[in-house]
Amino acid sequence: MADPDWMKDVRALVGKEYGRVYGWDPVNVPMARQWAEIVGITNPRYAAGEVVPPAMLQVWCMEGPTLNNYPPGSTTENPYEALKLIEAQGYPSVVAVNSELEFERYLRPGEKVFYTTRLDAIGEEKTTALGTGFFVTLRMTFYSQQAQGDERVGELLFRVFKFRPAQPAAKPAVQDAAPPKIKRPAPGISDDTRFFWDGARQGRLLIQRCKGCGTLRHPPGPTCPQCHSFDWDTVQSSGRGTVYSFVVMHYPEVPPFEHPNPVGLIELEEGTRLIAQLVGVKPADVHIGQAVQVEFNRFEVGAPEGSDDIVLPQFRPVAG
């Protein structure tokens, strides 16, 4: 297809070089070792820190979790300005087509790397199954900073298709139905812990007790940690206790739990401890030694077979 008039300005950019982008850290063994472990490479030269995997070439100049966070001295030019100009003419979509890596030599720990970008080519307008647009090729050349002069160590060719979709994506239909209610995850209940959950449904806080030596234990288990007896019964706790320790969970925010979410390690009057959610108190007001009392609250949970409910012992601060 013949070029539209506006394409002249875009093609004028072909051959343009875009500054330098530096890496935050020198080539280093820890990052190379973790990369090789994730990818599944066991080359002993990498494990020994002699050299690093060549395919990591891009890694040494990446910005990290924060977008466009490059070290001082890096270019502020946008090497994708041609794509932006094409997009402004009604070609909003982009898809990566292919990339090719070339390596001059192995990189070694301690080297500092940077790259420059060149707009290599813009193809003629083409129509594909995806839509109509232009193939745009960028070429990134990587260098190692050396005292005697920068040394070329590799190159990355990156090609994308900037296009107008053949069939624009349909807007999603507006859903009138309310979003599904997120339920609490169901606790794991076994033969060793069933008595605890059954007791909670009855409004009773039951603690496992060894019949051999009388030791109270929680969480429940089949064997006494003191005398190793398998015989046990239960004792009903008063539900009174104090905050022995606590955490306030801020992240991740997992529905349907409230955030921030205070969780306490409660020391019961009877002497044993258990972990439970703290209710009726602001996270900033929780403190060690705070007097608390159990209360039983019912929640809907997502059970493997569908919906169910569970009664949880939670603890609320009390005066004094």
Side-chain angles (χ1 to χ4, degrees), residues 7 10-41 43 45-47 49-87 94-124 126 128 133-163:
M7 195 62 189
V10 181
R11 292 200 184 279
L13 298 174
V14 173
K16 182 177 179 179
E17 296 274 356
Y18 294 86
R20 295 187 175 195
V21 175
Y22 294 93
W24 278 103
D25 301 295
V27 175
N28 62 84
V29 175
M31 189 180 296
R33 177 177 52 77
Q34 293 177 37
W35 186 93
E37 182 177 335
I38 291 172
V39 175
I41 297 176
N43 190 321
R45 298 186 69 190
Y46 305 152
E50 180 184 343
V51 294
V52 300
M56 290 186 70
L57 188 59
Q58 280 183 279
V59 171
W60 307 115
C61 297
M62 286 183 173
E63 69 269 41
T66 304
L67 186 65
N68 297 325
N69 180 28
Y70 293 104
S74 295
T75 180
T76 57
E77 295 177 293
N78 180 9
Y80 303 106
E81 64 173 326
L83 298 181
K84 292 294 184 183
L85 291 173
I86 295 173
E87 181 175 322
V94 65
V95 62
V97 178
N98 68 293
S99 64
E100 300 172 7
L101 272 171
E102 297 179 7
F103 314 110
E104 300 291 333
R105 64 167 174 82
Y106 282 100
L107 288 173
R108 293 176 173 81
E111 293 190 74
K112 293 186 177 181
V113 181
F114 71 89
Y115 71 87
T116 62
T117 303
R118 182 177 78 249
L119 178 59
D120 201 52
I122 300 176
E124 301 296 325
K126 294 185 181 298
T128 71
F134 301 87
F135 288 92
V136 180
T137 303
L138 297 165
R139 195 176 296 271
M140 301 167 191
T141 305
F142 290 79
Y143 299 88
S144 173
Q145 299 179 62
Q146 304 288 334
Q148 64 274 21
D150 300 326
E151 179 186 0
R152 185 180 184 275
V153 293
E155 190 172 78
L156 167 66
L157 180 147
F158 183 59
R159 182 174 293 118
V160 299
F161 183 48
K162 191 67 175 167
F163 65 100

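All heavy atoms count here, side chains included; hydrogens, waters and symmetry mates do not.
Annotation: the span from Y80 atom OH to I86 atom CD1 amounts to 14.0 Å, rounded to 0.5 Å. Interatomic distance, F135 CZ to K126 NZ, rounded to the nearest 0.5 Å: 7.5 Å.
Neither side chain, E151 nor Q145, offers a donor N or O lying under 3.5 Å from an acceptor on the other. Residues Y115 and Q58 have side chains that never bring a donor and an acceptor to within less than 3.5 angstrom of each other. Inspection of the E77 and Y18 side chains reveals no N or O donor paired with an N or O acceptor under 3.5 Å.
Side-chain atoms of R45 and Y106, non-hydrogen and from C-beta on, do get closer than 4.5 Å to each other. Looking at S144 and R105, their side chains come closer than 4.5 Å, going by heavy atoms from C-beta outward. Residues I41 and W35 meet the side-chain proximity criterion, which asks for heavy atoms closer than 4.5 Å. Contact of the V14 side chain with the D120 side chain is not registered, since no non-hydrogen atoms from C-beta on lie closer than 4.5 Å. At a threshold of 4.5 Å between non-hydrogen side-chain atoms, the residues Y22 and C61 do not count as touching. Contact annotation: the side chain of L57 approaches that of L101 to within less than 4.5 Å [non-hydrogen atoms, C-beta and beyond]. The shortest distance between side-chain heavy atoms of V136 and V94 does not fall below 4.5 Å. At a threshold of 4.5 Å between non-hydrogen side-chain atoms, the residues E81 and K16 count as touching.
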Test side chain to side chain contact (heavy atoms under 4.5 Å, CB included) on L119 and I122 and set out the steps. CA-CA 8 Å; L119 178 59; I122 300 176; 4.2 Å; yes

Which atom pairs, donor and acceptor, lie under 3.5 Å between side-chain atoms of residues 24-32 and protein residues at least two apart or in another chain?
{"residue": "W24", "atom": "NE1", "partner": "N69", "partner atom": "O", "Å": "2.7"}
{"residue": "N28", "atom": "OD1", "partner": "M31", "partner atom": "N", "Å": "2.9"}
{"residue": "N28", "atom": "ND2", "partner": "P26", "partner atom": "O", "Å": "2.9"}

Please list every donor-acceptor pair under 3.5 Å in which a side-chain atom of residues 153-163 meets a protein atom from a residue at least two apart or in another chain.
{"residue": "E155", "atom": "OE1", "partner": "R139", "partner atom": "NH1", "Å": "2.9"}
{"residue": "E155", "atom": "OE2", "partner": "T141", "partner atom": "OG1", "Å": "3.3"}
{"residue": "E155", "atom": "OE2", "partner": "R152", "partner atom": "NH2", "Å": "3.1"}
{"residue": "R159", "atom": "NE", "partner": "T137", "partner atom": "OG1", "Å": "2.8"}
{"residue": "R159", "atom": "NH1", "partner": "N98", "partner atom": "OD1", "Å": "3.0"}
{"residue": "K162", "atom": "NZ", "partner": "E87", "partner atom": "OE1", "Å": "2.9"}
{"residue": "K162", "atom": "NZ", "partner": "P92", "partner atom": "O", "Å": "3.4"}

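Summarising the geometry of E50 relative to P109, their closest heavy-atom pair is O-CD, 3.7 Å, with the distance given to 0.1 Å. Listed here is the closest heavy atom pair of Y70 and E63: OH-OE1, 3.2 Å. Taking both residues in full, the closest heavy atoms of W60 and V52 are given as CZ2-CG2, 4.0 Å, listed atom of the first, atom of the second, then distance.
Salt-bridge check for R20 with D150: passed, with a basic side-chain N closer than 4.0 Å to an acidic carboxylate O.
Aromatic ring pairs are classed by plane angle as parallel below 30°, tilted from 30° to 60° and perpendicular above 60°; the pair F114 and Y143 is parallel.
Counting non-hydrogen atoms of other residues, nucleotides and ligands closer than 6.0 Å to NZ of K84 gives a total of 12 or fewer.
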